[in-house]
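To find a chain, count down the sequence lines: A is the first, B the second, and so on, and within it residues start at 1.
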Amino acid sequence: MLNKAGRDIPSVIPGFKEVKLYNGPFAANPTGRVVGPKITVNKPRSEKILKSIDQAIEATGLKSGMTISFHHHFRNGDYVLNMVVEAIARKGIRDITLAASSLTSTHDAIIPYIEQGVITAIETSGGRGKLGELFTSGKFLKKPVLIRSHGGRARAIEAGEVVIDVAFIGAPACDTYGNINGIEGKSACGSMGYAMCDAAYADQVVAITDHLVPHPLYPISIPQTNVDFIVEVEAIGDPKGIASGALRISKDPKELIIAEYASSVIEYSGYFKNDYSLQLGSGGASLAAAQFIKEKMIAQGIVGSFGVGGITAPFVEMLDQGLFKTLFDVQDFDIPSIDSLRNNPNHLEMSASYYANPHNRGPIVNKLDVVILSATEVDVDFNVNVITNSNGVIMGASGGHCDTAAGAGLSIVVAPLLRGRLPMVLDKVHTIVTPGETVDVIVTERGVAVNPNRKDVFENLKQANIPLMSIEELQQIAYDLTGKPESIPVTDEIVGVVEYRDGTILDVIRKPV
Amino acid sequence: MEKLRRAMMFVPGNNPGMLQNAGIYKADTVIFDVEDSVLVSEKDAARQLVHNAIKYIKYPCEVAVRINHITTPYGRDDLAAILPAKPDLIRLPKAETAEEIREIDEIISEAEMKNGFSQGSIKMMAAIETAKGLMKAYDIASASPRMVALAIGAEDFLADLKTTRSSHGNELFAARSQILLAARAAEIQAIDTVFSNVNDEDGFIAETTRIKELGFDGKSVINPRQIKLLYKIFTPTEKEIDLAERVLAAYEEAKAKNSGVIALNGKMIDVPVVTRAERVISYAIALGLRKGGQ
């Protein structure tokens, strides 16, 4: 069956109860009610602190066949997921569904447990390195890996599509009664945005901390009312992997050209005025664009309303300089951002649901004017792939890509036109993560193309001194240099399902030949 | 209007990725180098790469090739491999005599004939990099009608002078002045040397400001990041553009009326004023500040 994005989706997918086809970015009309966790009781003066992760697993009653969740704010420095999965395996528990908000290469350590059948299903934002290769191989897992965006995951949790039996929450600071924040302690990660949904909706919540403090801890990101048990461990993460120092602005001349064009697109788009709002990706071109946007804002005396992200140091600088009034922060990438969340009252922490859930009463992405997003490859219909590489192997994550593209007034995708010998504007992307109808402008080092459904933006951009062209012309420039790439041969076996933020199926990932 | 050569960007001829992307940085000229940035063992490969890049990639700017000196074992082979691809410009390094220029001119003429290119379509420029070359600067600059620019190559020149580069640039003042004079006397462009510390933006800006004040038409650059900084310095102000437009309008009007004396706001406009105005407008067009084609 073809969905609205033109993708052939089988009517039956192993492990999926129902196959709902994507029918346009805002076509879904949700019914039903938001679910909730089990009602529980905590009697006065009872003890939440347990001695070990093993003890916590016993206390929660975690059994084979259940679903566990994790958050990914510790990025490549995370120890928690690996420690917990190892403990679960030791206990002989099998057939677990792993619903982590995202996975990084540090989680390659769980591969043996996937091979042994401890983890048999994965629902997450994406996968990299060896894990991504394993997902793509179709081996060991009982059903295709389910890819959700950050907003889509929050929605699925609230809608009861993901029922988390036990959420394990790495807590940079936790008090003896379970109040948590991410801004203190040696493993500070900043915002706890993704973990907030897990904590609020999971049947049981275990906080794992390396910085246990007397009650009450404040400020509170995740409250004691959500937390069942607390375990203190030596270390929950490697600070070097959690957050880098201030990222340096790119010196790659190609990235700088892309960034310059992207900032010109913003300047002339019609959205660049007082009180506009902005989201930046954490890629090189995006960060470099921040520098140019900052210069333009100062030169033209523009003060923005709010910034959203994935927060990085350039955004913090703009907040400090009064160029934005507020930041909404779901995750922090570097130490200056964590410091800012701790010290600046205008730097606000938000949950993944507040950020991007399409089925609540108003995610912040709906108020977003401009977003800059990166891409692995795009196609002439403006569809974007950020999940599979040019061999069809899973090597990226959906993140908030489709959420922000759908919500923002102007979604700008930046990508090099050529990566080595490969063109990045194709006839059809291998996997759609963000549908083209939510993408407005594609910026490359050789040209800028505007989605034909945004004639208003196209007209505005004629004033900008940028190489404006059609997406077909852009593709031709690439093909003239590289030739037309052949499509990746695939089998019928489905190894991944890309769920759109509204819960419908946008695309499937087939195992490459 | 005169072809602008504000930023002439060197690109190593043995780096396929750089050759492929050379056109995106808005340099007025890209110079594919098969001389100093290419090891002897890679000369032949670089020639082939540069040949193919020129032939198959559409560059939105002038394409030059810096060949090895014609007296080295590589110079003639460079020309033989590269001329059939039809570069816009050949840059000779370490020029010392007018004879060298005439020798290359002849080789180019033959290649033009052989390949069916129109005569004189491949231009030349030369870099002065020795005291001996500097003494012959005018002869070199005027040795061939193909010559469009004279450049200074500071590193070799200062070694020859037995000194080193300073932040104030006094050691280059005489040579720069002499090259500028020679170029102007021969009615061609003068191009300044590279600034090799790409991370020293302030130093680059200071030096570029200085050479623009001296009268140079442009500068060789070795990193795309220097181009934007350079163009900023070569950007006329809105007031200058406005005045230049009015000068040219008055000039056109006077021409149309066959009027001998041209005046704007009571001031006489003579040829140098018109030339200067044309230059300002070229810069404005190149920077997208005004519409128009070169």
Next on the checklist: Counting heavy-atom pairs closer than 4.5 Å to chain A, which one of B:Ile57, B:Asn223, B:Asn21 comes out on top?
Outcome noted: B:Asn21

Next on the checklist: So for A:Leu418, is it side chain, backbone, both, or neither that comes closer than 4.5 Å to the heavy atoms of chain B?
Outcome noted: side chain

Is it true that atom [atom1] of [X] has more than 12 heavy atoms of other residues, nucleotides or ligands lying nearer than 6.0 Å?
| X | atom1 | answer |
| --- | --- | --- |
| A:Met469 | CE | yes |
| A:Lys296 | NZ | yes |
| A:Arg419 | CZ | yes |
| B:Glu201 | CD | no |
| A:Tyr276 | OH | yes |

Item to check | Flag side-chain contact, heavy atom, 4.5 Å: B:Asn199 against A:Lys251 | outcome: yes

Straight-line distance of [X] [atom1] to [Y] [atom2], nearest 0.5 Å:
| X | Y | atom1 | atom2 | value |
| --- | --- | --- | --- | --- |
| B:Gln20 | A:Arg421 | CD | CZ | 11.5 Å |
| A:Arg446 | B:Ile24 | CZ | CD1 | 5.5 Å |
| A:Glu260 | B:Lys26 | CD | NZ | 6.5 Å |

Checklist entry - Checking heavy atoms, do the side chain of B:Tyr25, its backbone, both or neither come under 4.5 Å from chain A? => result both

Item to check | Part of B:Leu287 lying under 4.5 Å from any heavy atom of chain A | outcome: backbone

Checklist entry - Out of A:Asn465, A:Ile477, A:Asp480, A:Leu256, which one racks up the most heavy-atom pairs below 4.5 Å with chain B? => result A:Asn465

